[in-house]
Amino acid sequence: MTTSLNSTVAEDNTNIIPFIPSGKFYFSHGIQAFQKRRFNAAVKWLKKAIETAPDEPLYPCQLSVVYTEVGSYHAANQLLTEVLAKFGKEYVDCYYLMANNYAHLGLLNDAKKYVETYLEQQEDGEFEEAANQLLEMLNSLEESEDDDEDEWAFDDEDELLVYQETAFYHLEHEEWGHAITVLDEMMQLFPEFKLAKHKYAYALFMNGEQQEAMDIEEDWLEKHPGNIHSHVNLAIFLLKQGLKEKAQDHIELLKNVFPMHEQQKLAVAETLARAGLYQEAVDRFSVLRDKQVVRRRVYYKWYSIAAYHTGNPSKALNLWEKGCQQFPSLSREGGPWMEL
């Protein structure tokens with residue numbers, strides 16, 4: 001004889017509706033994880049969404065955004081390429097996302113090609129303003145690369161090398177007055193060596209002649225809107241004056257700049273660290289390889305600070321100690337945990 005309890009359970013079992021998660025279910029969890037910066041979890045949820053609904057292009061596009069956020073630019077572009085192959089013009093935003101990834105990889109020609117394709121095909125697209133800014137930056141970088149060729153064309157001239165090394169020594173040891181004197185002579189003797197003017201402006205600012213330094217770089221930027229050195233100097237000048245909001249335009253541009261020369265790479269990394277963009281700064285510092293660059297005072301100081309603020313205190317301390325060995329004055333600045 002069946003008991004009433006068993007009868008009830010049997011009756012309830014017949015009314016159970018199995019829950020089968022949909023792509024939207026996985027996608028929503030992926031978005032939540034992404035917003036909380038739990039990127040590994042976001043990738044897992046979004047991959048499940050794609051498996052469940054392979055014909056939904058939004059899911060791989062969102063997964064590509066996660067990959068971009070963690071620096072997996074090639075993986076992001078692979079997904080976007082597949083979406084374009086399958087859905088074509090319905091998802092023209094993919095062209096902008098790919099352009100942005102190529103810019104991060106330093107493949108500027110590819111970045112320009114894809115951002116131009118996006119601007120040609122989009123109609124009131126979500127990324128139109130950002131795409132125009134990216135294109136402007138890429139065009140400016142072309143001009144800047146031409147300037148760089150001029151700057152580095154003098155490397156074999158012995159006299160200029162002596163001046164460069166002397167100015168470098170004074171700048172590294174924060175002997176601003178001596179640096180200004182040497183750089184002033186350099187500008188007179190080698191007017192085509194444009195880098196000297198930017199170093200001169202930097203030394204002026206650090207020596208207390210802030211307005212003159214600002215005027216030099218602002219005038220230069222009017223004539224050369226994409227010049228990396230001017231954007232770096234102005235960002236640093238404004239940050240030093242506590243004007244972070246005014247520095248933001250320069251910082252945003254530098255976030256999308258991936259120079260070819262190691263000295264410029266270092267300058268961008270330092271500026272991002274000064275702006276408190278520590279993870280971005282660590283990413284830039286970690287790819288520097290040139291021996292002259294990785295032995296610089298600013299390399300040790302700002303890489304150490306950025307490492308500390310991204311949860312790597314042992315690396316930060318190691319960098320700081322190496323920096324103090326080469327530049328004893330650094331030890332008077334406290335440590336990588338200093339408040340900026």
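Below 30°, between 30° and 60°, or above 60°: for F87 and Y91 the angle between ring planes is between 30° and 60°, a tilted geometry. Between Y278 and H309, the angle of the ring planes stays under 30°, which puts this pair in the parallel group of the 30/60° scheme. Between H198 and W220, the angle of the ring planes goes over 60°, which puts this pair in the perpendicular group of the 30/60° scheme.
Cluster membership for V182 and L189, using ILVMFWY side-chain heavy atoms within less than 4.5 angstrom, is shared.
Residue pairs satisfying the salt bridge (Lys or Arg N to Asp or Glu O under 4.0 Å) criterion with at least one member in residues 38-47, sequence neighbours excluded, are absent. For residues 203-219, there are no salt bridge (Lys or Arg N to Asp or Glu O under 4.0 Å) pairs, not counting sequence neighbours. Annotation: side chain to side chain donor-acceptor pair (under 3.5 Å) contacts involving residues 75-84, sequence neighbours excluded, comprise N77-N101, Q78-E82. Under the salt bridge (Lys or Arg N to Asp or Glu O under 4.0 Å) criterion, the residue pairs touching residues 63-73 are R37-E69, with sequence neighbours excluded.
Between C94 and Y118, every side-chain heavy-atom pair lies at or beyond the 4.5 Å cut-off. For the pair V115/Y95, no side-chain contact is recorded, criterion being any heavy-atom separation below 4.5 Å from C-beta on. Y114 has its side chain out of reach of N100: every pair of non-hydrogen atoms, C-beta onward, lies at least 4.5 Å apart. Side chains of Y96 and L134 form a contact here, defined as non-hydrogen atoms less than 4.5 Å apart. Annotation: side chain of Y26 is not in contact with side chain of Y59 (no heavy-atom distance under 4.5 Å). Within the 4.5 Å cutoff, no side-chain heavy atoms of M98 are placed close to those of T117. Counting heavy atoms from C-beta outward, Y200 and I180 have side chains that approach closer than 4.5 Å. Between M187 and E185, the closest side-chain pair of non-hydrogen atoms is not below 4.5 Å.
Rounding to the nearest 0.5 Å gives a distance of 4.0 Å between CD1 of I228 and CD of Q264. Atom CG in D249 sits 10.0 Å away from atom CG in L238 (nearest 0.5 Å). Interatomic distance, L97 CG to T68 OG1, rounded to the nearest 0.5 Å: 7.0 Å. Within the model, atoms CG of L288 and CD of Q263 stand 9.5 Å from one another, a figure rounded to the nearest 0.5 Å. To the nearest 0.5 Å, atom CG of residue L204 and atom NZ of residue K197 are 11.0 Å apart. The CG atom of L63 lies 10.0 Å from the SG atom of C61; values are rounded to the nearest 0.5 Å.
Dense packing is recorded around NE2 of H173, with more than 12 heavy atoms of other residues, nucleotides or ligands lying under 6.0 Å away. Atom NE2 of H29 sits in a crowded spot, with more than 12 heavy atoms from other residues, nucleotides or ligands closer than 6.0 Å.
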Q: Given side chain to side chain contact (heavy atoms under 4.5 Å, CB included), test F34 with V65 step by step and report yes or no.
A: CA-CA 9 Å; F34 177 67; V65 172; 3.9 Å; yes
Q: Could you give me the CA-CA distance, side-chain angles and deciding distance for K86 and D55, then say whether side chain to side chain contact (heavy atoms under 4.5 Å, CB included) is met?
A: CA-CA 9 Å; K86 194 169 184 179; D55 293 325; 2.9 Å; yes
Q: In sequence, state the C-alpha distance, the side-chain angles, and the governing distance for E270 and I236, and then conclude on side chain to side chain contact (heavy atoms under 4.5 Å, CB included).
A: CA-CA 9 Å; E270 176 194 348; I236 291 174; 4.0 Å; yes
Q: Decide side chain to side chain contact (heavy atoms under 4.5 Å, CB included) for W302 and I305; before the verdict, give the C-alpha distance in whole Å, the side-chain angles of both, and the deciding distance to 0.1 Å.
A: CA-CA 5 Å; W302 291 103; I305 291 170; 3.8 Å; yes
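Under the side-chain contact (heavy atoms from CB on, under 4.5 Å) criterion, E172 pairs with F168, R296, R297, F327, not counting sequence neighbours. For E262, the salt bridge (charged side-chain N to carboxylate O under 4.0 Å, His left out) partners at least two apart in sequence or on another chain are K265. Applying the side-chain contact (heavy atoms from CB on, under 4.5 Å) rule to N132 yields the partners L119, E128; only residues at least two apart in sequence or on another chain are considered. Listed by chain and number, the residues in a side-chain contact (heavy atoms from CB on, under 4.5 Å) with L221 are S230, H231, L234, H250 (sequence neighbours excluded). Applying the side-chain contact (heavy atoms from CB on, under 4.5 Å) rule to E51 yields the partners K48; only residues at least two apart in sequence or on another chain are considered. Partners of K301 under the salt bridge (charged side-chain N to carboxylate O under 4.0 Å, His left out) rule, at least two apart in sequence or in another chain, are E333.
Formation of a donor-acceptor pair under 3.5 Å by the D93 side chain with backbone atoms of F127 is not found in this model. A donor-acceptor pair under 3.5 Å is formed between the side chain of R284 and the backbone N or O of K255.
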Sequence neighbours left out, cut at 3.5 Å: what donor-acceptor pairs do the side chains of residues 239-247 make with other protein atoms?
unit_1 : atom_1 : unit_2 : atom_2 : d
Q241   : NE2    : F237   : O      : 3.2
K244   : NZ     : A275   : O      : 3.0

Compile the donor-acceptor pairs under 3.5 Å between side chains in residues 310-320 and protein atoms, sequence neighbours left out, one pair per line.
unit_1 : atom_1 : unit_2 : atom_2 : d
T310   : OG1    : A306   : O      : 2.8
T310   : OG1    : A307   : O      : 3.1
N312   : OD1    : S314   : OG     : 3.4
N312   : OD1    : K315   : N      : 3.4

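Nearest approach of P60 to L79, heavy atoms of both residues: O-CD1, 3.8 Å. Across all non-hydrogen atoms, the minimal contact from N207 to G177 is OD1-N, 4.1 Å. The shortest heavy-atom contact between W176 and A203 is CB-O, 3.9 Å. When all heavy atoms are compared, the tightest approach of A196 to L183 is O-CD2, 3.9 Å. Between A103 and A111, the shortest heavy-atom contact is N-CB, 3.7 Å. The shortest heavy-atom contact between T52 and G23 is CG2-N, 3.5 Å.
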